[in-house]
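Input: a single structure, listed below in structure tokens.
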Amino acid sequence: MIDKDKKLLARLKALEKEERYRKNKQDLIEIQSIVNSCVFHYTNAGTLIGMLHKTSKENPFMTFWASHVAYMNDPKEKEYGIEKLWEVLRDVEKDLSIPTRQRITELDQEELDKFIYLQNVKEDSLTNIYSISFSKSFDSLPMWNMYGHNGNGICLGFDLECLNEYLYSQKMERIYRIIYGVGEDVNEPLKVKEEMESWKKNVKDIYVKSMNFFKQNTDYDADSVEQTEIYDINIVLNNYMVLLATIPGYIKNPAYKYEEEYRLCCRELGQEVHFRDCNGLLLPYIEVKLPLNALKIVVTGPTVDNDRQMMSINKLLEKKCNNNHNITFYSSEIPYITR
């Protein structure tokens, strides 16, 4: 090939790349309303096959694996949440005028945590929480790197309102937005004060709900000293279990703020627990069904063989639901070099 032909070929390739970029940019403008309504789940092609394994026209659901919260990607996540809980717990109990004998803070935290550890081993314990992570960050370089198979994966966009409507119909907890840090910015004392007051209110609300539920569903003989002591310790343990099962899942270290995480938390109650290997660690999970019609957009990663991957995903979805015309397909144009 002579130099003139090489230059022409290079120019044609450059024009093709510019046209593809222009089209993708135009596509992004057109799908912005879809993006705004969605939360995203970064994964890989193999996981998508697993999600759709049980899907059919008669069973229009995707199967997610909700992992135990003790096995999240941030190994210190739960500890951070517990630390932030204890920072306000004494004030919360004081504000609520909790009797001294029923206060969590009157007991030793280490002994309480040992009790919770033993509870986690038991089936159907209230403290066994499983979660599925989503993100508000669309076509994000760090998300592709961290969760999207090093840029070679896929990103699934689900309509948040559609998911929450389904969860509500199933009497499940709705998907909520994660809080990144509370009272960390020491250079802005007013901001710290506002964040801590808001955090305290969240803890207080859950504490009150826990107490009310326990009192409404528990009978005891107030005239018996022994029964009163048992009742008091049970209400302390119950309140602490509820707080630990709920509060730490709301908050993460600010270092993970780029994830813009939204989370679905599920109880183990009545669910079959499965196990999988994760880098040598045995990881417990439960299966959670979510409606396929909530899937609104599929994005292929920046390093994937786009044309062939899109064709395969289309064929897979057509086979499973026979109606993928309401799903938008988009290919990432993020510059990404695999190493």
Side-chain angles (χ1 to χ4, degrees), residues 69-70 72 74-117 119-120 126-129 131 133 136 164 173-218 231-267:
V69 293
M72 304 301 287
D74 174 9
K76 298 294 183 181
E77 178 178 321
K78 192 167 185 179
E79 286 87 340
Y80 181 79
I82 293 172
E83 176 189 327
K84 289 298 175 182
L85 167 63
W86 278 86
E87 280 185 20
V88 298
L89 193 52
R90 193 172 295 278
D91 286 342
V92 166
E93 292 185 321
K94 182 179 178 182
D95 292 348
L96 293 175
S97 300
I98 305 296
T100 303
R101 65 183 186 278
Q102 293 179 1
R103 292 188 181 187
I104 297 169
T105 50
E106 290 299 310
L107 298 181
D108 182 69
Q109 183 183 352
E110 188 175 336
E111 291 300 317
L112 283 170
D113 289 340
K114 285 180 182 178
F115 169 78
I116 296 299
Y117 176 83
Q119 290 297 115
N120 281 339
L126 185 65
T127 57
N128 279 313
I129 306 296
S131 74
S133 294
K136 256 297 181 182
N164 277 333
E173 295 180 32
R174 297 188 179 196
I175 296 169
Y176 59 85
R177 181 173 61 87
I178 291 295
I179 299 169
Y180 290 95
V182 173
E184 300 288 352
D185 197 344
V186 293
N187 295 319
E188 296 191 38
L190 288 178
K191 181 182 177 184
V192 169
K193 184 178 179 180
E194 288 176 2
E195 287 180 349
M196 293 305 292
E197 286 301 319
S198 177
W199 177 243
K200 190 191 297 184
K201 183 180 182 303
N202 287 338
V203 175
K204 194 181 295 184
D205 288 346
I206 293 170
Y207 203 125
V208 169
K209 288 178 184 177
S210 173
M211 282 195 306
N212 290 341
F213 180 85
F214 186 84
K215 289 176 180 178
Q216 290 167 8
N217 292 274
T218 306
Y231 175 83
D232 288 341
I233 192 63
N234 280 338
I235 199 170
V236 170
L237 295 176
N238 174 79
N239 288 336
Y240 192 55
M241 282 195 293
V242 170
L243 288 169
L244 279 197
T246 311
I247 290 295
Y250 277 95
I251 189 169
K252 290 184 75 168
N253 190 291
Y256 290 85
K257 193 173 183 178
Y258 71 90
E259 294 180 344
E260 296 183 63
E261 185 180 350
Y262 279 62
R263 185 175 292 178
L264 168 59
C265 282
C266 316
R267 308 287 171 178

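Sequential numbering from 1 along the given sequence is applied to the chain's residues. In this text, all values refer to a predicted model and were calculated from it rather than measured experimentally.
The distance from the CH2 atom of Trp199 to the CD1 atom of Ile247 is 4.5 Å, given to the nearest 0.5 Å. Separation of atoms CG (Leu112) and CE (Met241) is listed at 10.5 Å; rounding is to 0.5 Å. Rounding to the nearest 0.5 Å gives a distance of 11.5 Å between CD of Glu87 and NZ of Lys200. Between the CD atom in Glu79 and the CD atom in Glu83 there is a gap of 10.0 Å [rounded to 0.5 Å]. Distance check: Tyr80 OH to Tyr180 OH gives 11.5 Å after rounding to the nearest 0.5 Å. The distance from atom CG of Leu89 to atom CD1 of Ile82, rounded to the nearest 0.5 Å, is 11.5 Å.
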Candidate pair Asn202 and Tyr250, rule side-chain contact (heavy atoms from CB on, under 4.5 Å), full reasoning: CA-CA 10 Å; Asn202 287 338; Tyr250 277 95; 6.0 Å; no
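Contact detail for Lys136 and Tyr262: the closest heavy-atom pair is CG-CE1, 3.3 Å. A pairwise comparison of heavy atoms in Ile251 and Gly181 identifies CG1-N, 4.1 Å as the closest pair. Here the closest non-hydrogen pair linking Glu173 and Cys265 is CB-O, 3.9 Å. Shortest non-hydrogen contact noted between Glu106 and Thr100 is CG-O, 3.3 Å. Minimum heavy-atom separation, Arg90 to Thr105: NH2-O, 3.6 Å. The minimum heavy-atom distance between Gln102 and Ile98, with the atom names listed, is O-CG2, 3.7 Å.
Contact annotation: the side chain of Ile178 never approaches that of Glu259 to less than 4.5 Å [non-hydrogen atoms, C-beta and beyond]. Counting only heavy atoms from C-beta outward, the side chains of Ile235 and Asn239 approach each other to under 4.5 Å. With contacts defined as side-chain heavy-atom distances shorter than 4.5 Å, the pair Leu107/Ile233 qualifies. Taking 4.5 Å as the limit, some side-chain heavy atom of Asp113 sits within range of a side-chain heavy atom of Leu244.
Judged purely by atom type and a 3.5 angstrom limit, Glu195 uses its side chain to pair as donor or acceptor with the backbone of Gly183. With hydrogens and angles ignored, the 3.5 Å screen pairs no side-chain donor or acceptor of Tyr240 with any backbone N or O of Gln109. A donor-acceptor pair under 3.5 Å links the side-chain atoms of Glu93 to the main chain of Ile104, judged by distance alone.
For Lys201 and Asp205, the salt-bridge test passes: some basic side-chain N is under 4.0 Å from an acidic carboxylate O. A salt bridge links Glu184 with Lys84: the closest approach of a Lys/Arg side-chain nitrogen to an acidic carboxylate oxygen falls below 4.0 angstrom. Looking at Glu194 and Lys191, no side-chain N of the basic residue comes within less than 4.0 Å of a carboxylate O on the acidic one, giving no salt bridge.
Crowding of Arg174 atom CZ: a count of heavy atoms from other residues, nucleotides or ligands under 6.0 Å exceeding 12.
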